[in-house]
Amino acid sequence: MAIWLTKDSKVIVQGMTGSEGSKHTRRMLAAGTHVVGGVNPRKAGQTVDFDGTALPVFASVADAMKETGADVSVIFVPPQFTKAAVVEAIDAEIPLAVVITEGVPVHDTAAFWAYNVEKGQQTRIIGPNCPGIASPGASNAGIIPADITPAGRIGLVSKSGTLTYQLMYELRDIGFSTSVGIGGDPVIGTTHIDALAAFQDDPDTDAIVMIGEIGGDAEERAAAFIKEHVTKPVVAYIAGFTAPPGKTMGHAGAIISGSAGTADAKKVALEAAGVRVGKTPSETARLMREIIQSR
């Protein structure tokens, strides 16, 4: 069992014929992901060979869904074209769109998210500027390395791609049900809360790792949700304990002002909700290991 991405998911790649799209299509196939085709209007009707696997190229997401039954799209297109690509996925009502692209203008993300809401949110959007989603042993949609960890019973949701990989590696002896990289831009689709709710409802997830960072109030809102709705144990790591106020650190959303958005403030909110918070990734992994071993 996993959330949102399973062994039965059929994946298409918007931008499959580009350099990044083709590279990661090959990696997803090697990981066992059921990739069924790609989308590029200028190359529709062509077939691309990936080490012996021939994948068709379609003119649109709607055409790809009609011909293959695809239910996931991974989007590898340049920032200036990302809004149009996501809108196309929304119009086709594909259930899951994973937007890997970095550098998408915030107003474009806000526009396609508002459009998705207007259309009834038939499409779950993960990202942009994210590593994607991986259900080890089942499927991998995005750029998360497939060989970090085996399948297991920990769920992970993270703003940071690099820290996603690190926690997956440090807890590889236990394994993960699904790891979701939601991205660190100021405007994103799927949030910590969305993933927490899904992991809470997943019978094969026993505990949850949440990775946040300085800036904004997403972690405080997640803490409030955990206090009210999550009964499974949660451990958290907040990147940026040593970040100076007023400086943008890493992601565009990672900026603090005064006491608002600091790692310490987020730690206090999470601990008040019963979450154990590590000061380093290794300490966070140790806290999770203690929880699992005590169950």
Side-chain angles (χ1 to χ4, degrees), residues 2 4-105 108-109 111-135 138-144 183 189-190:
W4 303 329
L5 185 75
T6 72
K7 63 180 179 59
D8 298 319
S9 296
K10 295 181 179 180
V11 178
I12 57 172
V13 180
Q14 289 176 257
M16 184 182 75
T17 57
S19 60
E20 289 299 306
S22 62
K23 176 175 72 176
H24 290 291
T25 296
R26 185 169 281 104
R27 292 181 66 188
M28 287 187 281
L29 286 166
T33 304
H34 191 190
V35 183
V36 295
V39 177
N40 184 333
R42 293 170 299 177
K43 298 185 178 181
Q46 297 183 20
T47 299
V48 181
D49 181 79
F50 292 94
D51 303 321
T53 299
L55 295 179
V57 182
F58 298 96
S60 68
V61 173
D63 288 349
M65 291 175 66
K66 180 180 178 181
E67 294 298 323
T68 67
D71 52 11
V72 179
S73 179
V74 186
I75 299 175
F76 287 102
V77 301
Q80 63 268 36
F81 305 124
T82 299
K83 176 183 172 183
V86 178
V87 166
E88 180 181 323
I90 293 167
D91 283 338
E93 297 187 356
I94 197 161
L96 178 63
V98 183
V99 189
I100 305 299
T101 309
E102 183 178 3
V104 180
D108 281 0
T109 305
F112 67 62
W113 178 249
Y115 184 71
N116 193 41
V117 172
E118 179 186 324
K119 289 288 186 176
Q121 298 188 60
Q122 299 303 305
T123 298
R124 171 169 296 285
I125 298 170
I126 296 177
N129 187 17
C130 77
I133 175 172
S135 296
S139 190
N140 188 317
I143 64 174
I144 297 174
T190 294

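Numbers for residues simply follow the sequence, beginning at 1.
Residues forming a side chain to side chain contact (heavy atoms under 4.5 Å, CB included) with Q122 (at least two apart in sequence, or on another chain): E93. With sequence neighbours excluded, the residues satisfying side chain to side chain contact (heavy atoms under 4.5 Å, CB included) with Q121 are W113, N116, V117. Applying the side chain to side chain donor-acceptor pair (under 3.5 Å) criterion to T25, with sequence neighbours excluded, gives no partner residue. With sequence neighbours left out, the salt bridge (charged side-chain N to carboxylate O under 4.0 Å, His left out) criterion links R27 to no other residue. With sequence neighbours left out, the side chain to side chain donor-acceptor pair (under 3.5 Å) criterion links S135 to T178. With sequence neighbours left out, E20 forms a salt bridge (charged side-chain N to carboxylate O under 4.0 Å, His left out) with K23. The side chain to side chain donor-acceptor pair (under 3.5 Å) test applied to D51 returns R26, not counting sequence neighbours. Judged as a side chain to side chain donor-acceptor pair (under 3.5 Å), and not counting sequence neighbours, T68 has no contacts. Under the salt bridge (charged side-chain N to carboxylate O under 4.0 Å, His left out) criterion, D49 pairs with no residue, sequence neighbours left out.
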Cut-off 3.5 Å, no hydrogens considered: what does the side-chain donor-acceptor table look like for residues 40-47, sequence neighbours left out?
| from | atom 1 | to | atom 2 | distance (Å) |
| --- | --- | --- | --- | --- |
| N40 | OD1 | R42 | N | 3.0 |
| N40 | ND2 | T17 | OG1 | 2.8 |

Please tabulate, for the side chains in residues 57-66, all donor-acceptor contacts under 3.5 angstrom to protein atoms that are two or more places apart in sequence or on a different chain.
| from | atom 1 | to | atom 2 | distance (Å) |
| --- | --- | --- | --- | --- |
| S60 | OG | D63 | N | 3.0 |
| S60 | OG | D63 | OD2 | 3.4 |

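The list of ring-ring contact (aromatic ring centres under 6.0 Å, His included) pairs with a residue in residues 9-28, not counting sequence neighbours, reads H24-F76.
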Stepwise side chain to side chain contact (heavy atoms under 4.5 Å, CB included) test for V86 and I125: CA-CA 9 Å; V86 178; I125 298 170; 4.0 Å; yes

Mind running side chain to side chain contact (heavy atoms under 4.5 Å, CB included) on K119 and D91 for me, showing each step along the way? CA-CA 8 Å; K119 289 288 186 176; D91 283 338; 3.9 Å; yes

Verdict with supporting geometry, L55 and L29, side chain to side chain contact (heavy atoms under 4.5 Å, CB included): CA-CA 11 Å; L55 295 179; L29 286 166; 4.0 Å; yes

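Nearest heavy atoms, A2 versus L5: CB-O, 3.4 Å. Considering every non-hydrogen atom in both V72 and S9, the closest pair reads CG2-CB, 4.0 Å. Shortest non-hydrogen contact noted between P105 and P79 is CD-O, 4.2 Å. Annotation for V98 and C130: closest pair CG1-SG, 4.3 Å, computed over non-hydrogen atoms. The shortest non-hydrogen separation linking A97 to I75 is CB-CD1, 4.4 Å.
Here the CD atom belonging to E118 is positioned 10.0 Å from the CD1 atom belonging to I90, to the nearest 0.5 angstrom. For the atom pair CZ of F81 and CD of Q14, the computed distance is 13.5 Å after rounding to the nearest 0.5 Å. Residue D8 holds its CG atom at 9.0 Å from NZ of K10, rounded to the nearest 0.5 Å. The CD1 atom of I126 lies 5.5 Å from the CH2 atom of W4; values are rounded to the nearest 0.5 Å.
Looking at N129 and V104, their side chains never come closer than 4.5 Å, going by heavy atoms from C-beta outward. With a 4.5 Å cut-off on side-chain heavy atoms, I12 and V36 count as touching.
Checking side-chain atoms of T123 against main-chain N and O of I94 turns up a donor-acceptor pair under 3.5 Å. Using a distance-only test at 3.5 Å, with no hydrogens or angles considered, a donor-acceptor pair links the side chain of T101 to the main chain of V77.
When I133, T33, V35 are each tested for a side chain to side chain contact (heavy atoms under 4.5 Å, CB included) with N140, only one passes: T33.
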